[in-house]
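First the structure, in the form of structure tokens, and then the observations on it.
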2 protein chains.
Amino acid sequence: MKLDTLDKKLVNLLQEDAKQTNKQLSLQLNLSVTAVYERIKKLERSGLIRKYVGLIDKKKVDLGFLVFCHIKLAQHSQEHITIFETEVKKLDEVLECFHVSGEYDYLLKVIVEDMEHFRNFMITKLTTLKYVGSTQSSFTISEVKNNTKIPL
Amino acid sequence: MKLDTLDKKLVNLLQEDAKQTNKQLSLQLNLSVTAVYERIKKLERSGLIRKYVGLIDKKKVDLGFLVFCHIKLAQHSQEHITIFETEVKKLDEVLECFHVSGEYDYLLKVIVEDMEHFRNFMITKLTTLKYVGSTQSSFTISEVKNNTKIPL
DNA sequence: TATGAAAATATTCGTTC
DNA sequence: GAACGAATATTTTCATA
């Protein structure tokens with residue numbers, strides 16, 4: 001899909017605040033409410049805008065412990081990879097999982113209450129996953145930046 | 001803030017789809033529309049729900065190259081840390097930055113068009129940041145899971 | 001906490017450029 | 001094809017019970 005300058009501005013605005021009214025958006029873009037409406041629908045239909053979500057404050061729900069887990073598989077056959085990925089998707093504590101290049105195969109972003117819960121997660125969930133070889137965890141000391149906005 | 005079961009369900013629903021109407025939410029929660037409305041307002045006022053954002057499909061905007069950069073500072077004085085963090089916040093390509101434990105000091109999630117742009121980002125932006133010592137990058141081969149929802 | 005009226009907003013439509 | 005303003009439908013908001 002081709003995006004003009006107005007589309008890009010619009011997507012940026014919606015990535016920052018999805019609850020703005022079409023009138024608010026129209027004022028920022030110098031367009032009519034209807035034009036904004038039509039552009040948004042087109043962006044949604046094309047799949048470029050995937051969805052709208054609420055973001056919460058982790059600390060306010062006692063889930064302030066963020067850990068990055070580097071994981072090496074014991075073996076790397078297609079079957080092992082598929083099974084591992086299927087299993088990891090089911091774990092609620094794992095917010096993100098990427099297959100990456102380098103010494104380790106996967107990078108996971110894990111969120112739990114505290115160190116005690118993390119220990120429990122490691123022992124009862126992560127290391128019991130089939131084919132997980134070695135793991136190495138980094139604990140988050142502070143969150144410098146955590147954006148969902150991809151600037152266009 | 002204390003959350004009852006309905007609050008938690010509501011937050012989970014809004015983390016999945018923020019554009020549901022209060023009527024749709026009321027049906028799923030067995031509440032009146034007004035009750036849903038009041039609960040949402042309370043959750044917003046408390047800061048537990050931080051904001052609502054649109055999420056886009058990276059590939060549809062030619063920003064499909066996701067890289068995790070591990071960074072070690074040359075020195076670790078308060079001053080160096082503050083300057084590095086201030087500068088990194090300004091970089092649009094850096095979606096996330098966490099101060100972490102372990103061999104490296106920071107973990108960055110970087111998004112760019114392709115390898116060529118990443119090379120450029122490294123040379124002209126990342127390694128020119130003051131006090132950056134060594135870096136080590138992992139390229140994303142595939143995205144297994146990438147959630148914004150923190151399950152309550 | 002629920003109801004329903006009032007206000008705001010989203011959506012559709014007919015028309016123009 | 002994209003934009004506009006007017007109309008209609010839907011949703012949010014809020015006073016009142």
Side-chain angles (χ1 to χ4, degrees), chain A residues 1-62 147-152, chain B residues 1-64 92 113 147-152:
Chain A
M1 185 187 172
K2 279 202 70 149
L3 302 178
D4 65 16
T5 312
L6 285 172
D7 287 324
K8 289 181 185 176
K9 266 195 191 175
L10 180 54
V11 172
N12 282 339
L13 289 169
L14 290 172
Q15 283 191 98
E16 285 163 9
D17 179 4
K19 280 283 166 83
Q20 294 176 82
T21 65
N22 290 345
K23 184 183 270 177
Q24 290 176 298
L25 293 167
S26 73
L27 292 172
Q28 292 169 87
L29 297 171
N30 279 93
L31 276 177
S32 70
V33 172
T34 313
V36 169
Y37 174 80
E38 292 297 347
R39 279 172 183 264
I40 292 175
K41 286 300 150 196
K42 194 186 285 183
L43 290 162
E44 289 171 357
R45 275 196 303 269
S46 77
L48 195 145
I49 297 179
R50 286 193 299 124
K51 57 176 175 175
Y52 302 94
V53 300
L55 299 182
I56 70 172
D57 185 339
K58 288 188 277 292
K59 287 168 219 143
K60 294 241 162 78
V61 290
D62 288 320
N147 285 358
T148 53
K149 180 187 171 189
I150 298 171
L152 300 190
Chain B
M1 184 185 173
K2 280 201 70 151
L3 301 178
D4 65 17
T5 312
L6 285 172
D7 288 323
K8 288 181 184 175
K9 266 195 190 176
L10 180 54
V11 172
N12 283 338
L13 289 171
L14 290 173
Q15 284 190 99
E16 285 163 8
D17 180 4
K19 280 283 166 82
Q20 295 175 85
T21 65
N22 290 345
K23 183 183 268 177
Q24 290 176 299
L25 293 166
S26 73
L27 292 172
Q28 293 169 85
L29 297 169
N30 279 92
L31 279 176
S32 71
V33 172
T34 314
V36 169
Y37 173 79
E38 292 297 346
R39 278 172 185 264
I40 291 175
K41 287 298 149 197
K42 196 187 285 181
L43 290 163
E44 289 172 355
R45 275 195 301 270
S46 76
L48 195 144
I49 296 180
R50 285 193 298 124
K51 58 175 174 175
Y52 301 95
V53 301
L55 299 182
I56 69 171
D57 184 340
K58 288 189 276 293
K59 286 169 220 142
K60 293 240 163 81
V61 290
D62 289 318
L63 283 164
D92 271 352
E113 282 92 326
N147 285 358
T148 52
K149 180 186 171 189
I150 298 171
L152 299 189

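Just so it is clear: chains get the letters A, B, ... in the order the sequence lines come, proteins before strands, and each one is counted from 1.
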*Non-neighbouring partners of A/D57 that pass salt bridge (charged side-chain N to carboxylate O under 4.0 Å, His left out), sequence neighbours left out*: A/K60
_Protein-nucleotide distance (A/L3, atom CG; D/dG1, atom P), rounded to Å_ = 18 Å
*Name all residues meeting the salt bridge (charged side-chain N to carboxylate O under 4.0 Å, His left out) criterion together with A/K8; count only those two or more places apart in sequence or in a different chain, and write none if there are none.*
none
*Does B/I40 reach the side chain of B/L25, with side-chain heavy atoms less than 4.5 Å apart?*
yes
_Between A/Y37 and C/dA10, is there a contact of a side-chain N or O with OP1 or OP2 at under 4.0 Å?_
no
Polar atom pairs (N or O), protein with nucleotides 8-10 of chain D, under 3.5 Å:
none

*What residues in residues 39-47 of chain B put a non-hydrogen atom under 4.0 Å from any atom of DNA chain C?*
none
_Sub-4.5 Å side-chain heavy-atom contact between B/L43 and A/I56_ = no
*Would you please enumerate the stems DNA chain D participates in, each stem being three or more consecutive Watson-Crick or G-U wobble pairs with both distances under 3.5 Å?*
C:1-17 with D:1-17
*Just grab all the side chain to side chain donor-acceptor pair (under 3.5 Å) pairs involving residues 26-39 of chain A, residues at least two apart or on different chains.*
A/D4-A/R39, A/D7-A/R39, A/Q20-A/Q28
*Heavy-atom closest contact (B/Q15 atom, B/T148 atom, distance)*: OE1-O, 3.8 Å
_Residues which pass side-chain hydrogen bond (donor to acceptor under 3.5 Å, both in side chains) with B/K58, listed by chain and number, not counting sequence neighbours_ = B/E143
*Can you tell me how far C1' of C/dC13 sits from CD of A/E38, to the nearest Å?*
10 Å
Can you name the atoms? Protein N/O to nucleotides 2-4 of chain C N/O, anything below 3.5 Å, with the distance.
unit_1, atom_1, unit_2, atom_2, d
C/dA2, OP2, B/S32, OG, 3.3
C/dT3, O4, B/T34, OG1, 3.4

_Return the CG to CG distance between A/L31 and A/L10, rounded to the nearest 0.5 Å._
8.5 Å
*Figure out the CG/P separation between A/D7 and D/dA2, and round it to whole Å.*
9 Å
*Rounded to whole angstroms, how far apart are NZ on A/K23 and C1' on C/dT11?*
15 Å
*Rounded to the Å, how far apart are B/N30 CG and C/dT1 C1'?*
15 Å
_Qualifying salt bridge (charged side-chain N to carboxylate O under 4.0 Å, His left out) pairs with a residue from residues 41-50 of chain A, counting only residues at least two apart or across chains_ = A/K41-A/E44
_Contact check, side chains of B/L13 and B/L29, non-hydrogen atoms, under 4.5 Å_ = yes
*Rounded distance (Å) that lies between atom C1' of D/dA2 and atom CG of A/L29*: 15 Å
_salt bridge (charged side-chain N to carboxylate O under 4.0 Å, His left out) contacts touching residues 14-32 of chain A (sequence neighbours left out)_ = A/E16-A/K149
_Test item: B/V61 and A/V11 side chains (from C-beta on) under 4.5 Å apart, heavy atoms_ = no
*First locate atom CG of A/L152, then atom OG1 of A/T5, and finally report the distance between them rounded to the nearest 0.5 Å.*
11.5 Å
*Within the pair B/N22 and D/dT12, is there a side-chain N or O less than 4.0 Å away from OP1 or OP2?*
yes
